[in-house]
Amino acid sequence: MKRLFLAVAALAGLATALPAAAQFAKPEDAIKYRKAAFTVMAAHFGRVAAMANGRIPFDAKVAATNAEIATMVAGLPFAGFGDGTDKGGDTRAKAEIWSERDKFNAGATKMQEEMAKLNAAAKSGDQAAMRTAAGAVGQACKSCHDTYRRD
Ligand code: ASC
């Protein structure tokens with residue numbers, strides 16, 4: 001079991017270390033991957049945010065589990081934005097992502113940092129802290145969507 005875990009961990013490390021382009025055979029695959037990762041992240045973040053804001057019943061354990069998953073998944077989508085993946089599939093990504101790379105990456109990092117804070121708040125079970133943190137995550141999502149996603 002431990003060997004299997006180590007093998008999976010090594011593969012995961014390799015996947016993140018490879019240049020983004022090398023991970024996908026075609027731009028379409030990268031586009032599908034990043035959209036799928038955003039979809040999964042949004043599902044789990046959405047559950048935490050809904051609980052934090054009292055839109056669905058609060059369950060600290062469910063919130064913590066979902067925040068942990070959202071935090072892990074928040075690291076995934078950006079490998080799908082390699083060079084040459086601005087077209088070639090069904091995407092609303094704007095060209096500025098690739099011409100303002102540093103700014104886009106900074107936005108990604110900001111979202112990941114806010115998600116990590118939400119995860120910490122969810123682990124503490126403090127609903128008010130979760131509400132504040134979820135608001136900051138939502139702002140980080142929105143800011144990049146406003147700038148880098150077509151309507
Ligand atoms: C979500 C979600 C987003 C963001 C965004 C915030 O829950 O799926 O894309 O928050 O709506 O403005």
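Throughout, numbering of the chain's residues begins at 1 and tracks the sequence. Ligands are counted one by one from 1 in listed order, and the atoms in each one are counted from 1 as well.
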- Message: Restricting to ring-ring contact (aromatic ring centres under 6.0 Å, His included), what partner residues turn up for Tyr33, sequence neighbours left out?
- Response: Phe24

- Of all residues at least two apart in sequence or in a different chain, which pass the side-chain contact (heavy atoms from CB on, under 4.5 Å) check with Lys87? none

- Task: Could you tell me the separation between the CG atom of Asp151 and the NZ atom of Lys94, rounded to the nearest 0.5 Å?
- Result: 7.0 Å

- Ordered by chain then number, the protein residues lying under 4.0 Å from ligand 1 by heavy atom are Ala42, Phe45, Gly138, Cys141, Lys142, His145

- Is the shortest side-chain N to carboxylate O distance from Glu113 to Lys110 below 4.0 Å? no

- Query: Are Phe78 and Ile31 co-members of a hydrophobic cluster defined by side-chain heavy atoms under 4.5 Å apart?
  - Reply: no

- Message: Applying side chain to side chain donor-acceptor pair (under 3.5 Å) as the test, list every pair that has at least one member in residues 40-67; sequence neighbours left out.
- Response: His44-Asn66, Arg47-Asn66

